[in-house]
Protein chains: 2
Amino acid sequence: MTGNSPDFTVSLRAAGLRPTRQRVALARVLFEGGHRHVTAESLHAEVKATPMPVSLATVYNTLNQFRDAGLLREVVVAPGRSYFDTNTGHHHHFFVETDGELHDFPSDEVTIAGLPAPPEGTRLSRVDVIVRVRR
Amino acid sequence: MTGNSPDFTVSLRAAGLRPTRQRVALARVLFEGGHRHVTAESLHAEVKATPMPVSLATVYNTLNQFRDAGLLREVVVAPGRSYFDTNTGHHHHFFVETDGELHDFPSDEVTIAGLPAPPEGTRLSRVDVIVRVRR
DNA sequence: CAAGAACCTTAGAACCATTCTAAGTTATTG
DNA sequence: CAATAACTTAGAATGGTTCTAAGGTTCTTG
Ligand SMILES: [Mn+2]
Ligand SMILES: [Mn+2]
Ligand SMILES: [Zn+2]
Ligand SMILES: [Zn+2]
């Protein structure tokens, strides 16, 4: 270890996942920079160009595992395709419908008041605000 | 016309669509009662049991046409499947993740304050609030 | 009321994102 | 080092949706 990149081996193990070369490669692409929104296809295209290419099946498996482990959150804004979000904190999204781009905005700038009580027998899971815009 | 059911012929024509038997049958199922949330499959299952069954292809075509004409609104809450909503006014949704149910709530009970400005070069299209709950 | 033109419906094929299968590989543990 | 459990992967399968192309319906015009 050269000492200047986060140790994904540790975080993967902490998440109950073996730090395989493929998972470490994907973790690097996903978490090394700032927050990101990727699709399986876009992530696959990116990782294919690295010294550790990963099959599309593994990209799907890994995105689902990372999501289940709480390392990613899944965002559904458009029919037929899922986005995965490296920002797992509280925040909301702009969705640019004309080109499929997602942008974060912090949820503490926004006040949502007067939400009705959840239907009988249900408990709150999450509140998503999606601001749809077009160019 | 017996006089007690809305004249879908007129509203379809007003929307620029020929009032075919299939479209009238679907309009009846969709708009005759209160507001509804359907999927293509659920609507197809329903209309199959009527005196005017309609093919699945036509159900898809019609849902898309009704949406484009502003008679329906499409709601995307879960990967892999679209809901169509007969309530085209301002409102938001509870989504019961454990069983795929959608419920409306009026948007005028809710206050959303402090939304950031849309990204440069975009204009607001719609704000969706999805309250995800589980049983 | 024709009759033509435009539009619509439909079965089945195609499509595309995602998941599954099953065979080989790798990481972990002792 | 095994031995074992976990992982990766190509390719097949799945499932929702769209497309194709052939036949049917609705509309317009005379
Ligand atoms: Mn999934
Ligand atoms: Mn559509
Ligand atoms: Zn985000
Ligand atoms: Zn609704």
Side-chain angles (χ1 to χ4, degrees), chain A residues 7-29 37-48 50-69 71-72 74-84 100 102, chain B residues 7-29 37-48 50-69 71-72 74-84 100 102:
Chain A
D7 192 346
F8 293 112
T9 294
V10 168
S11 33
L12 287 174
R13 244 190 277 270
L17 298 166
R18 284 190 182 173
T20 63
R21 303 177 266 144
Q22 291 86 344
R23 297 210 271 232
V24 170
L26 290 170
R28 267 206 264 271
V29 172
H37 302 95
V38 302
T39 63
E41 286 291 350
S42 78
L43 180 58
H44 183 232
E46 240 183 293
V47 80
K48 251 193 324 200
T50 73
M52 178 71 236
V54 175
S55 75
L56 184 57
T58 296
V59 170
Y60 274 105
N61 290 340
T62 303
L63 286 172
N64 287 331
Q65 290 156 171
F66 283 12
R67 186 224 319 106
D68 293 346
L71 304 174
L72 290 176
E74 190 170 1
V75 182
V76 181
V77 286
R81 151 176 271 119
S82 270
Y83 289 79
F84 290 86
L102 266 183
Chain B
D7 191 345
F8 293 113
T9 294
V10 168
S11 35
L12 288 174
R13 244 191 278 269
L17 298 166
R18 285 190 181 171
T20 63
R21 302 176 267 143
Q22 290 88 343
R23 297 211 270 229
V24 170
L26 290 170
R28 266 207 264 273
V29 172
H37 303 93
V38 302
T39 63
E41 286 290 350
S42 79
L43 180 58
H44 183 233
E46 240 182 292
V47 79
K48 250 191 325 200
T50 73
M52 178 71 237
V54 175
S55 75
L56 183 58
T58 296
V59 170
Y60 273 105
N61 290 341
T62 303
L63 286 172
N64 287 330
Q65 291 155 172
F66 282 12
R67 189 229 309 107
D68 294 346
L71 303 174
L72 289 177
E74 189 169 0
V75 182
V76 181
V77 287
R81 151 178 272 119
S82 270
Y83 289 78
F84 290 86
L102 267 183

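Order of the sequence lines fixes the chain letters, A, B, ..., with proteins taken first and strands second; residue numbering starts at 1 for each chain.
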Distance, rounded to the nearest Å, where [X] contributes [atom1] and [N] contributes [atom2]:
X       : N      : atom1 : atom2 : value
A/Arg23 : C/dT28 : CZ    : C1'   : 13 Å
A/Gln22 : D/dC7  : CD    : C1'   : 8 Å
A/Leu43 : C/dA17 : CG    : C1'   : 15 Å
A/Asn61 : C/dT26 : CG    : P     : 17 Å
A/Met52 : C/dA27 : CE    : C1'   : 14 Å
B/Leu63 : D/dG16 : CG    : P     : 14 Å
A/Leu26 : D/dC7  : CG    : C1'   : 13 Å
B/His44 : D/dT18 : NE2   : P     : 15 Å

Is the distance from OP1 or OP2 of [N] to the nearest side-chain N or O of [X] less than 4.0 Å?
X       : N      : value
B/Tyr60 : D/dT17 : yes
B/Ser55 : C/dT10 : yes
A/Asn64 : C/dT19 : yes
A/Arg18 : C/dT26 : no

What is the nucleic acid contact for [X], judged by heavy atoms within less than 4.0 Å: base, sugar-phosphate only, or nothing?
X       : value
A/Ser82 : sugar-phosphate
B/Thr20 : sugar-phosphate
A/Arg81 : sugar-phosphate

Tell me which nucleotide among C/dT9, C/dA17, C/dT10 gets nearest to the side chain of A/Glu41.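 Output: C/dA17.
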Let's see if you can work this out: which of C/dA11, D/dA5, D/dT25 has an atom nearest to the side-chain heavy atoms of B/Arg21?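 Out of C/dA11, D/dA5, D/dT25, the nucleotide with an atom closest to B/Arg21's side chain is D/dT25.
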Would you call [X] and [Y] a side-chain contact if the rule is heavy atoms closer than 4.5 Å?
X       : Y       : value
A/Val76 : B/Val77 : no
B/Val24 : B/Met52 : no
A/Phe84 : A/Asn64 : yes
A/Leu17 : A/Arg23 : yes

Give the angle between the helix axes at the two ends of the helix from C/dC1-D/dG30 to C/dG30-D/dC1, taking five base pairs at each end and rounding to 10°.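 Axis-to-axis angle, ends of the helix: 30°.
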Between B/Thr58 and B/Gln22: side-chain donor-acceptor atoms closer than 3.5 Å: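 Side chains of B/Thr58 and B/Gln22: no pair found under 3.5 Å.
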Residue whose nearest DNA chain D nucleotide is more 5′ - B/Gly80 or B/Pro19: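 The answer here is B/Gly80.
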Taking the side chain from [X] and the backbone from [Y], do they hold a donor-acceptor pair closer than 3.5 Å?
X       : Y       : answer
B/Tyr83 : B/Ala78 : no
A/Thr62 : A/Val59 : no
A/His44 : A/Val54 : yes

Between B/Thr62 and A/Arg13, name the one whose nearest nucleotide on DNA chain C is closer to the 5' end. B/Thr62
